[in-house]
J.: 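Here you go, one structure.
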Amino acid sequence: MRYLSRKLGFYLVALWAALTLNFLIPRMMPGDPVEIMLAKLGQKGPVTPESREAIEAMLGTDSSRPLWAQYGDYLAGLANGDLGVSLVFFPAPVSSIIAQTLPWTIGLIGLATIISFLTGVGLGTLAGWKRGSWMDNLIPVTTMFQSVPYFWLALILLFLLGSVWPVFPLNGGYDVYNVTPGWNGPFLASVVYYGTLPALTIILSSIGGWMLGMRNMMVSTLSDDYMVTAEAKGLRSRRIMMRYAARNAVLPSISGFAISLGFVVAGSIITEAVFSYPGIGSALLQAVGGNDYALMQGILLIITLSVLGANLLVDLLYSVIDPRIRARG
Amino acid sequence: MSEPVLTIENLSVDYLVDPVVHAVRDVSLTLRRGEVLGLAGESGCGKSTLAYAIVRLLKPPAMITSGRAVFHARGGGDIDWGDLGPEDLRAARWDKISMVFQGAMNSLNPVISIRDQFEDIFTTHRPAMSRRDRRLRCGDLLESVGVDRGRLTSYPHELSGGMRQRVMIAMAMALEPQIMIMDEPTTALDVVVQREILRELTRLRDEHGFAVVFITHDLPLLLEISDRIAVMRDGAIAELGDAYQLYTQPRHDYTKQLLASFPSLTGDRGSFLRESA
């Protein structure tokens with residue numbers, strides 16, 4: 001219990017630090033969102049000083065108020081789930097933009113990361129267990145995919161499988177013309193169809209690391225004394241492989257998995273840019289382009305929360321699967 | 001006592017490296033039911049390789065080049081360990097011959113509880129056993145080696161070295177095997193704990209009547225606990241004989257040399273040997 005509360009305390013402090021940085025960084029960037037908004041309005045007609053004040057109040061960037069007061073407003077707003085109004089997608093509130101885009105990102109990148117981890121670790125287990133078999137030759141191939149720049153791999157696959165042999169659609173999250181979003185079969189089928197190629201690129205580019213790491217840990221675990229004991233005990237080889245070898249060898253991979261889970265939201269930017277996927281990465285890209293403080297802050301907040309959340313989850317998981325950690329905590 | 005439980009005939013093991021290492025050369029041994037057979041010799045003389053060869057635990061590049069180990073079941077019927085298929089071999093391990101290993105500290109899986117490592121044995125070899133019986137038996141086994149039953153829920157890192165070795169011995173007795181091979185079981189322990197464990201072992205042997213192959217480089221220790229002793233050198237058995245006889249009238253030069261190399265508590269170096277060689 002003490003272990004748990006200490007962990008939670010640590011994560012609370014980290015959360016506070018992240019929130020504060022999240023508040024400060026956009027305000028240090030060049031460019032004033034109010035000016036941009038005014039310029040947009042100015043194209044349609046003259047702008048009165050009152051509307052300037054109104055915009056400042058709405059965007060929460062009232063430059064006449066001191067920074068600490070803005071900080072207070074910001075924290076109060078967060079507590080109420082109010083992340084402000086987006087500039088790029090005006091007048092939609094930031095929270096609704098995030099609510100729209102986040103499921104796409106989590107669905108695509110999250111699932112792809114999990115699939116990549118599970119297959120990579122699974123293949124690595126087998127490759128390590130049967131060291132020197134044909135499985136070992138798979139590793140250089142997968143690491144090659146990992147070493148080429150991701151956007152390049154994605155573009156090549158998109159070109160080959162979307163344009164040369166049009167097996168998969170070129171862009172988008174679903175077929176916007178023929179299906180209606182919602183929990184219906186055609187829509188979900190369309191989402192899966194459109195998501196396959198982006199997911200494939202993510203899996204291809206990340207599976208090598210999982211496989212190589214797991215294979216090497218398996219090989220070093222196999223030479224441990226307790227493996228001989230397990231064999232002398234007359235256990236079935238499947239049980240030895242899963243319960244004694246893989247169980248122990250997977251521990252480092254799990255902490256790696258935590259880190260990559262945390263980057264699910266952040267790492268989506270390139271994927272979503274290449275495939276024009278309607279996820280949170282595309283939204284962040286537009287927010288940066290349009291000096292949209294509120295949206296940027298909102299998305300960075302989500303990224304921070306997901307990194308912290310994933311790490312907390314794995315910290316707790318780790319203490320369950322490795323008793324040695326528990327004892328020290 | 002004279003009925004054999006294990007016969008090793010002309011067993012040879014080579015390590016197929018360059019140049020080839022003949023680790024065990026033409027070893028023939030008979031282990032009698034319920035006896036403690038000591039296997040002594042210096043490091044690298046092939047003691048452990050011989051032990052692993054008996055239960056076919058050798059990994060490449062080690063290879064058994066000739067000979068066989070035949071197990072004589074209690075009710076009659078011989079089992080040539082080398083003729084068993086993979087599944088039969090697996091089933092025979094631990095059930096007929098169990099082992100306690102050299103690396104006592106690392107022989108237990110660090111991330112599984114003691115209970116799970118115990119129950120592994122029963123779920124694999126005695127699938128018909130009920131959960132309740134399994135739990136009870138695990139506790140009984142632990143208590144028989146002087147470890148509290150409550151330790152079942154512990155993990156290996158929470159136990160001392162001596163306790164871990166006791167746990168290993170308890171595990172080795174789980175299926176009531178007729179032979180227990182102990183490969184330097186007390187080498188990593190201090191002399192006090194070593195003494196306790198050996199006393200425990202002798203008592204258990206008297207109760208359950210299993211035969212022990214006790215491998216160590218510690219000849220004085222063997223003299224104390226063994227019925228017979230085989231002295232190995234360069235993969236071959238230099239001398240095999242009754243423990244007392246070997247102590248009082250060593251025939252082979254190497255045995256004399258070994259005995260002479262242990263100091264006595266009170267005398268000069270070499271005075272451990274009673275009849276000066």
Side-chain angles (χ1 to χ4, degrees), chain A residues 1-3 121 125 128-133 136 214 217-257 314-329, chain B residues 48 51-52 54-60 84 86-114 116-127 153-158 164 167-168 171-172 174-175 177 180-181 183 188:
Chain A
M1 232 32 232
R2 219 179 119 237
Y3 174 77
V121 164
T125 304
W129 184 249
K130 295 196 184 298
R131 181 159 42 137
S133 68
D136 274 0
M214 186 61 188
M217 272 313 289
M218 273 297 276
V219 169
S220 73
T221 307
L222 287 182
S223 63
D224 277 336
D225 287 344
Y226 53 80
M227 295 304 300
V228 186
T229 313
E231 204 187 339
K233 267 157 101 177
L235 303 182
R236 294 193 173 81
S237 64
R238 217 189 130 67
R239 194 178 180 87
I240 298 178
M241 179 174 95
M242 298 310 292
R243 196 129 190 231
Y244 284 75
R247 170 77 167 74
N248 293 44
V250 82
L251 296 176
S253 297
I254 290 204
S255 45
F257 183 57
V314 171
D315 252 357
L316 298 180
L317 187 69
Y318 217 92
S319 74
V320 173
I321 58 174
D322 192 345
R324 287 167 295 184
I325 303 275
R326 221 177 311 160
R328 265 175 231 145
Chain B
S48 297
Y52 281 55
I54 294 171
V55 287
R56 309 267 153 173
L57 271 176
L58 291 173
K59 294 263 166 8
L84 295 176
E87 182 58 21
D88 291 333
L89 180 64
R90 183 198 62 71
R93 281 178 182 155
W94 219 254
D95 196 21
K96 306 277 189 281
I97 305 182
S98 65
M99 294 187 82
V100 176
F101 291 97
Q102 193 164 11
M105 313 297 271
N106 307 319
S107 302
L108 294 165
N109 186 340
V111 300
I112 317 184
S113 71
I114 303 290
D116 287 346
Q117 299 192 49
F118 256 105
E119 292 197 350
D120 254 359
I121 300 170
F122 293 118
T123 47
T124 307
H125 291 280
R126 305 276 187 270
T153 49
S154 302
Y155 288 89
H157 69 270
E158 295 166 334
R164 280 185 229 183
V167 168
M168 273 313 294
M171 277 188 196
L175 302 175
M180 200 187 285
I181 297 176
D183 185 7

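A, B, ... follow the sequence lines: proteins, then strands. Residue 1 opens every chain.
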J.: Is there a side-chain contact between B/Arg90 and B/Leu84, using heavy atoms and a 4.5 Å cut-off?
T.: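 The answer is no, as the side chains (C-beta and beyond) never meet within the 4.5 Å cut-off.
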J.: Of all of B/Asp120, B/Ile121, B/Thr124, which one pairs up most often with chain A through heavy atoms under 4.5 Å apart?
T.: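 Of B/Asp120, B/Ile121, B/Thr124, B/Asp120 has the most heavy-atom pairs under 4.5 Å with chain A.
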J.: Any donor and acceptor pair, going by atom type alone, linking the side chain of B/Arg56 with main-chain N or O of B/Pro86 inside 3.5 Å?
T.: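 Between the backbone of B/Pro86 and the side chain of B/Arg56 there is no qualifying donor-acceptor contact (under 3.5 Å).
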J.: Looking at side-chain heavy atoms only, is the closest gap between B/Ile181 and B/Tyr52 below 4.5 Å?
T.: no
J.: Can you name the residues of residues 248-257 of chain A that have some heavy atom under 4.5 Å away from a heavy atom in chain B?
T.: A/Asn248, A/Leu251
J.: Check B/Trp94 against B/Met171 and note the closest heavy-atom contact, atom names and distance.
T.: NE1-O, 2.9 Å
J.: Identify which part of A/Arg243 has an atom lying under 4.5 Å from any heavy atom of chain B, answering side chain, backbone, both or neither.
T.: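 Interface part for A/Arg243: both.
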J.: Heavy-atom distance under 4.5 Å to chain A: side chain of B/Val111, backbone, both or neither?
T.: both
J.: Does any N or O in the side chain of B/Gln117 come within less than 3.5 Å of the main-chain N or O of B/Ile114, such that one atom is a donor and the other an acceptor?
T.: no
J.: Find out whether A/Tyr226 and A/Lys233 are in side-chain contact, i.e. whether some heavy atom of one side chain is under 4.5 Å from a heavy atom of the other.
T.: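 Sidechains of A/Lys233 and A/Tyr226: no contact.
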J.: Taking the side chain as every heavy atom from C-beta outward, state whether B/Arg126 and B/Asp95 have any atom pair closer than 4.5 Å.
T.: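 Yes, side chains in contact.
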J.: Between B/Glu87 and A/Arg236, is there a side-chain heavy-atom distance shorter than 4.5 Å?
T.: yes
J.: As an exercise: rank B/Ile112, B/Leu89, B/Thr123, B/Leu175 by heavy-atom pairs under 4.5 Å with chain A and give me the winner.
T.: B/Ile112
